[in-house]
Q: 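What follows is a structure written as structure tokens; I'll ask about it next.
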Number of protein chains: 2
Amino acid sequence: MRLSVSPDTFPPRGHEAKRLSIVDAAAGVFCREGFAGANIDLIAAEAGVSRQTIYNHHGDKEKLFVAVVRDLTERCNAGIFATIATFPDQPKDLEADLIGFAVRLNQNCICNRDGKFLRKLIQTEGERYPELFAEWREQGPGRTWPAIAARFARLAYGGYLAIEDPDVAARQFLGLVNAELQTTFMLGGTPREDEVLQSATNGVRTFLRAFGKRRSAASVEKQSALAGV
Amino acid sequence: MRLSVSPDTFPPRGHEAKRLSIVDAAAGVFCREGFAGANIDLIAAEAGVSRQTIYNHHGDKEKLFVAVVRDLTERCNAGIFATIATFPDQPKDLEADLIGFAVRLNQNCICNRDGKFLRKLIQTEGERYPELFAEWREQGPGRTWPAIAARFARLAYGGYLAIEDPDVAARQFLGLVNAELQTTFMLGGTPREDEVLQSATNGVRTFLRAFGKRRSAASVEKQSALAGV
DNA sequence: ACAAATTTAGACACTCTTGTCCAAATCGTC
DNA sequence: GACGATTTGGACAAGAGTGTCTAAATTTGT
């Protein structure tokens with residue numbers, strides 16, 4: 001029983017490997033074509049299996065779709081929590097550390113394949129499967145946003161930030177950091193690395209102008225001194 | 001034929017009314033079901049016309065779709081520019097005025113029927129019709145964002161704000177003001193009025209903490225007066 | 001009220017897709 | 001090398017949807 005951890009051998013081996021390659025291909029096709037437009041034959045071709053195998057594994061187009069969303073949600077959540085674990089709790093350089101965190105969050109959770117696909121599926125089919133996406137909402141934003149908020153609360157408690165409501169601050173942090181990527185996200189595109197960095201940098205700077213403690217205090221002092229107000 | 005000089009489309013007015021009701025119904029169905037899932041019979045039923053009439057008017061499912069997107073883009077753009085015209089150039093109460101602007105923008109351009117539909121269609125079918133949505137990108141964000149940026153630049157020039165890059169500030173303003181509505185937007189929902197107000201209020205407050213001049217000056221004045229400094 | 005334009009309902013051919021069935025080929029394991 | 005499980009490809013029925021065509025009904029302008 002050799003546990004072949006080999007990540008992606010092109011011709012998949014074994015029952016479970018086939019299941020994965022099916023779900024993987026299905027994710028891509030569902031995203032590109034939408035649920036109604038997705039073609040089982042095309043999924044089979046892209047997965048490198050026969051159509052019958054798909055029915056053997058998942059029984060049904062709808063069940064396949066549910067499996068895809070569950071899979072993506074799970075993997076994305078894992079990625080997000082792994083990234084949250086790298087949040088700078090005791091930053092040396094607050095600005096640089098927050099920018100790094102924002103970039104990691106974007107690259108590992110939002111712009112990567114899983115994140116892109118999950119986002120698209122939520123947008124396109126969310127209304128058709130209320131329970132499924134209610135589940136996502138609980139497992140996704142319902143758990144990750146508070147987790148991020150908690151990290152900001154800790155930063156505030158440590159005297160690094162002047163925040164009243166950590167939940168609001170967390171949401172605004174995400175909004176700011178992605179502010180320049182909205183159009184790209186809308187069209188389903190993937191921003192370039194430098195665009196991500198740019199947006200994160202601008203976003204974090206504004207965030208710190210609003211909530212930074214030492215920096216704003218210093219600049220206020222400086223401005224008052226200069227302006228003589 | 002004698003009316004052919006009229007700038008309007010040549011067919012009679014009952015004709016035009018039907019065209020509108022078709023495009024309207026089609027917008028709804030395309031949004032709910034996606035392009036592939038949209039059913040011409042269903043569109044006909046919701047428009048209150050026969051299927052043949054749709055083919056008489058638009059010839060083709062794809063042409064109908066294009067007409068829908070063009071229609072929505074045009075109406076949304078008109079709404080956005082009408083709202084931009086209400087931007088507070090010489091604000092009495094900067095915070096309240098910006099909140100009002102943000103709420104108007106949301107209610108009249110983003111959360112209304114046209115805005116919701118256009119957003120959804122862009123998200124779901126944007127990749128399938130690159131030229132069509134490139135056109136939208138130019139006509140939409142390509143023209144509205146700079147327009148908003150120009151207004152912020154004017155505020156900055158007037159001494160109301162401390163902004164370095166008006167374009168960045170405009171995008172961040174939109175990001176902040178919608179920060180709390182992201183999940184709802186993703187699932188295609190419509191936020192309640194109080195949610196819009198809440199998000200706008202929080203967003204504008206943070207925006208002014210980062211870029212506000214007047215307010216901090218005013219509060220400093222007030223504080224100085226009170227403290228006798 | 002008349003004539004032209006438009007709309008309607010229904011039938012129709014055609015294509016595409018889903019999901020099932022089955023015998024043969026292949027794979028994994030002992 | 002052999003055996004059981006899995007996969008394969010192809011055929012198939014059933015259903016749904018697009019787009020066309022027609023003759024009859026309705027609306028519109030004069």
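Chain letters run A, B, ... following the sequence lines, proteins first, then strands; residues in each count from 1. Values below: every heavy atom of this structure, side chains too, minus hydrogens, waters and symmetry copies.
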Q: So, is A:His57 near the phosphate of D:dT7, with a side-chain N or O under 4.0 Å from OP1 or OP2?
A: yes
Q: In whole angstroms, how far is the C1' atom of D:dT20 from the CD1 atom of B:Ile54?
A: 15 Å
Q: Among the candidates C:dG19, D:dT20, C:dT7, find the nucleotide nearest to the side-chain atoms of A:Asp60.
A: C:dG19
Q: Round to the nearest Å and state the distance from A:Ile43 atom CD1 to C:dT18 atom P.
A: 8 Å
Q: Under 4.0 Å between a side-chain nitrogen and a carboxylate oxygen: does that hold for B:Arg171 and B:Asp165?
A: no
Q: Taking atom types as modelled, find out whether B:Thr83 and B:Thr86 have a side-chain donor-acceptor pair closer than 3.5 angstrom.
A: no
Q: Using atom CD of A:Glu16 as one end and atom C1' of D:dA5 as the other, report the distance to the nearest whole Å.
A: 16 Å
Q: How many Å lie between OH on B:Tyr55 and P on C:dA9, as a whole number?
A: 16 Å
Q: Regarding A:Thr73 and A:Gln139, do their side chains bring together a donor and an acceptor under 3.5 Å, going by distance alone?
A: no
Q: Go through D:dG19, C:dT18, C:dT7 for me and flag the one nearest to the B:Arg51 side chain.
A: D:dG19
Q: Can you tell whether the side chains of A:Asp114 and A:Arg119 come within less than 4.0 Å, N to carboxylate O?
A: no
Q: Figure out the CD1/P separation between B:Ile40 and C:dC16, and round it to whole Å.
A: 17 Å
Q: Need to verify one output field. Residue with the more 5' nearest nucleotide on DNA chain C, A:Gln52 or A:Ala38?
A: A:Ala38
Q: Just how far, in rounded Å, is P of D:dT18 from NE2 of B:His58?
A: 15 Å
Q: Applying the ring-ring contact (aromatic ring centres under 6.0 Å, His included) test to B:Phe152, which of B:Phe87, B:Phe101, B:Trp145, B:Phe211 qualifies?
A: B:Phe87
Q: Taking the side chain of B:Asn56 as its heavy atoms from C-beta onward, which of D:dT18, D:dT8, C:dT7 lies nearest to it?
A: C:dT7
Q: For A:Lys18 and C:dG28, what is the distance between atoms NZ and C1' respectively, to the nearest whole Å?
A: 12 Å
Q: Measure CG/A:Asn39 against P/C:dC16 and give the value in whole Å, please.
A: 11 Å
Q: With nearest nucleotides of DNA chain C determined for B:Val49 and A:Asp41 from heavy-atom distances, which residue corresponds to the more 5′ nucleotide?
A: B:Val49
Q: Check the phosphate of C:dT8 against B:Thr53, side-chain N and O only, distance under 4.0 Å to OP1 or OP2. Yes or no?
A: yes
